[in-house]
There are 2 protein chains.
Amino acid sequence: MSVSIQDVADRANVSISTVSRVLNRRNIVNEETRKRVESAISDLGYSPNVFARGLMLRKSHILGLVLPDLHGEFYSEVIRGANLRARELGYNLMISSVVAKDDGSELMAAVGDHGLVDGLAVMISEVNARTRATLEKIKIPLVVLDGDVEGVKHDSVVIDQRTGVVALLRHLIEDCQARRIVFVGGLETNIDTIERLEAYREVTAEAGLEVAAGDVYHLDYEYDTAFELGVKKVREWARRRAFVFAANDEMAAGIIDAALAAGLSTPDDLPVVGFDDTRVATMTRPRLTTVRVPMSSMGAAAIDLLCQRVENPKRPAVKLSLETELVVRESCGAAAVVTKN
Amino acid sequence: MSVSIQDVADRANVSISTVSRVLNRRNIVNEETRKRVESAISDLGYSPNVFARGLMLRKSHILGLVLPDLHGEFYSEVIRGANLRARELGYNLMISSVVAKDDGSELMAAVGDHGLVDGLAVMISEVNARTRATLEKIKIPLVVLDGDVEGVKHDSVVIDQRTGVVALLRHLIEDCQARRIVFVGGLETNIDTIERLEAYREVTAEAGLEVAAGDVYHLDYEYDTAFELGVKKVREWARRRAFVFAANDEMAAGIIDAALAAGLSTPDDLPVVGFDDTRVATMTRPRLTTVRVPMSSMGAAAIDLLCQRVENPKRPAVKLSLETELVVRESCGAAAVVTKN
DNA sequence: TACTCCAGTGAAAGCGCTGTCAGTTCTTGA
DNA sequence: TCAAGAACTGACAGCGCTTTCACTGGAGTA
């Protein structure tokens with residue numbers, strides 16, 4: 001079938017041990033012998049069988065990346081960053097998504113189990129008992145993206161959302177004279193929403209802003225639902241001179257459009273800001289003031305940590321925090337820093 | 001270390017052969033024995049070692065997907081479709097991108113070589129001598145996405161762009177009274193651009209429309225460059241009552257914005273249509289009339305073909321053509337079919 | 001000269017699995 | 001009662017590789 005180490009050995013008149021040695025650059029092989037072997041290898045176009053190698057070495061050089069959903073720019077950028085870095089480091093990337101409403105155990109197992117991958121980077125949007133249980137079973141190097149799972153040993157890469165939210169809201173309060181800020185987030189169980197909401201409460205409290213009972217909404221990060229909510233609420237919000245802080249750009253876009261549909265304009269009647277700085281942030285008119293989240297860096301960082309851990313399993317657990325950046329455009333009403341489209 | 005087939009055999013008081021048999025559901029194993037083995041398996045949490053298995057079977061159950069670039073919604077949707085289908089079929093998906101200006105040989109080899117993957121789905125935006133040479137070396141099942149490489153045996157999944165372009169342009173000509181249509185495409189070597197341009201020439205010729213020498217532009221599929229071109233050209237186009245057919249939505253958006261910046265409005269002064277029906281198509285104002293390309297279906301179809309070929313290598317080569325769909329919104333000036341945002 | 005040492009090499013033992021082949025019972029029919 | 005299957009099961013030979021261990025011959029040492 002394919003050319004094996006034995007074929008190379010035969011052609012170079014050495015034993016397979018020697019071929020293996022030149023392959024692994026371990027013990028010193030005689031200069032001359034090595035050259036003979038190397039030319040045999042290239043003549044035959046030989047490359048070692050991954051399975052045989054994996055069987056011996058217990059290493060596949062494959063890293064797994066599990067995402068909650070492959071939809072949207074956010075995930076696609078994470079994949080992109082991860083893929084690039086993995087390749088730089090000589091690893092292959094295996095990707096898997098966890099279907100939204102599945103608890104993910106099975107799929108996680110599909111990638112993480114049976115020793116195929118050397119390490120696993122997992123992004124979980126919602127930590128519940130079942131996901132925790134699944135993660136606990138993983139015995140290979142694990143990096144958790146954008147979250148932290150208690151009781152499970154792992155490295156993690158998080159986004160410093162707090163700082164981003166703080167910068168964003170301070171900008172609204174200090175530079176745009178916001179006196180009331182409405183929060184439109186994702187599901188209450190969503191990890192990002194939780195963090196962003198928490199920071200929102202801190203900042204508003206600290207600044208002495210009133211947050212009425214109805215000022216916090218939980219949607220699903222989609223344009224459509226935000227638009228629908230907007231249709232019902234924009235007039236009221238505008239009347240109360242509220243600013244809208246949407247927990248992602250899609251929802252911010254939905255609300256801007258709802259305002260427009262109601263004959264209101266952003267930012268004059270209803271300033272709106274988003275989060276993530278995805279493609280839509282520059283597609284809305286006015287363009288969104290938002291917080292840039294280093295999506296692809298996140299993927300890359302996860303792979304970095306994973307490799308380090310794979311190659312040095314005893315390194316203590318690391319938690320890497322990635323900085324965000326406030327991007328001021330026009331939707332907040334005070335364009336200070338205008339970035340290029 | 002990990003639990004092996006031997007451990008299961010010991011615990012169930014059988015030989016490893018029997019365990020292997022129950023695993024592979026081949027020869028009939030005694031009912032009672034089978035149960036004993038099965039409970040031993042679940043007690044021990046055993047799952048067969050992929051490497052050992054791959055070594056014997058010459059099958060990894062891993063499929064490779066190579067894309068020209070992981071950027072953008074188009075690719076991310078392809079990945080999504082492929083991933084979902086692969087999982088449904090019990091395969092794992094390994095992803096790799098080919099860095100834009102690299103010839104791709106190395107990366108393609110990285111995934112396709114050394115027998116790691118059972119099959120390879122490749123999307124190449126530009127077929128040149130080097131990529132062809134690389135593809136010729138691939139001896140495993142191969143599916144080419146959105147293209148066809150002569151002299152290489154492979155299945156392929158293509159998008160029926162011609163029909164899409166025809167429907168789109170006919171709509172402009174017949175329903176919107178277009179008498180002049182400007183074409184803004186990607187690079188001249190880009191495979192999609194070539195096809196779309198060809199169809200464009202056919203339709204305009206057939207309808208007796210004049211295509212001036214300067215009416216065909218080659219950009220790079222990006223918003224920015226289209227915007228720049230638009231800044232220079234929109235007035236002239238508007239004066240000549242031209243319609244703009246941009247070969248993707250991003251460029252269409254760039255041109256609409258350029259028109260707006262020049263004080264012109266779409267569709268009144270300058271109708272613009274796009275292609276792909278990505279997220280931006282509904283973010284522009286007016287929203288884009290465009291052609292929906294079944295991106296995730298493309299990924300799924302590729303995986304389908306790949307599996308079929310992996311499981312039945314002698315099946316004759318197949319070329320699957322995916323239908324596109326005209327989506328009429330407002331940017332063309334004649335909203336007939338208005339789809340939901 | 002006899003000894004140790006060492007660089008360089010080969011033989012062979014697995015890694016965990018599948019698949020072939022050869023038993024070993026247990027039926028069954030004559 | 002016995003041959004001939006049928007129904008199961010186990011022993012074992014690899015798959016292609018790494019790695020240990022043993023061996024060789026020549027250099028260094030006493």
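Note that the structure is predicted; figures quoted are calculated from it, not measured. First the proteins, then the strands, lettered A, B, ... as listed; each starts at 1.
- For the residue pair A/D192 / A/Y221, no side-chain donor-acceptor distance below 3.5 Å is found, with atom types taken as modelled.
- For A/N30 and A/R36, the side-chain atoms include no donor-acceptor pair closer than 3.5 Å.
- Between B/T33 and the phosphate of D/dC8, there is no side-chain N or O to OP1/OP2 separation shorter than 4.0 Å.
- The distance between atom CG of B/L55 and atom P of D/dC15, rounded to the nearest whole Å, is 9 Å.
- If you measure from atom CZ of A/R53 to atom P of C/dC17, you get 21 Å, rounded to the nearest angstrom.
- Considering only side-chain N and O atoms, A/S15 lies under 4.0 angstrom from the phosphate OP1 or OP2 of C/dG10.
- Distances shown here put every side-chain N or O of A/T18 at or beyond 4.0 Å from the OP1 or OP2 atom of C/dT9.
- In this structure, B/I16 atom CD1 and C/dC15 atom P are separated by 11 Å, rounded to whole Å.
- B/S17 comes within 4.0 angstrom of a nucleotide base, judged by non-hydrogen atoms across all strands.
- One interatomic measurement links the two molecules: NZ of A/K59 to P of D/dC17, which rounds to 19 Å at whole-angstrom precision.
- In this structure, B/I41 atom CD1 and C/dG16 atom P are separated by 16 Å, rounded to whole Å.
- In this structure, A/R58 does not reach the C/dC15 phosphate: none of its side-chain N or O atoms is under 4.0 Å from OP1 or OP2.
- Of the residues near DNA chain D, B/R34 and B/M56, the one whose nearest nucleotide (by heavy atom distance) lies more toward the 5' end is B/R34.
- Around atom CD of A/E323, no more than 12 heavy atoms belonging to other residues, nucleotides or ligands sit under 6.0 Å away.
- In this structure, B/F51 and A/F51 have tilted ring planes: the angle between them lies in the 30° to 60° band.
- Residues B/Y46 and A/N30 each lie close to DNA chain C; by heavy-atom proximity, the contact nearer the 5' end of the strand is made by A/N30.
- In this structure, a donor-acceptor pair under 3.5 Å is absent between the side chains of A/Q308 and A/N312.
- Across all strands, B/L57 comes closer than 4.0 Å only to sugar-phosphate atoms, never to a base (heavy-atom distances).
- In this structure, the CD atom of A/E32 is 18 Å from the P atom of C/dA7, given to the nearest Å.
- Considering only side-chain N and O atoms, B/N24 lies under 4.0 angstrom from the phosphate OP1 or OP2 of C/dT18.
- Rounded to an integer number of Å, the gap from A/F51 CZ to D/dT18 P is 15 Å.
- Rounded to an integer number of Å, the gap from CG of A/L23 to P of D/dG16 is 15 Å.
- Donor-acceptor pairing under 3.5 Å, judged by distance alone, is present between the side chain of A/R21 and the base of C/dG10.
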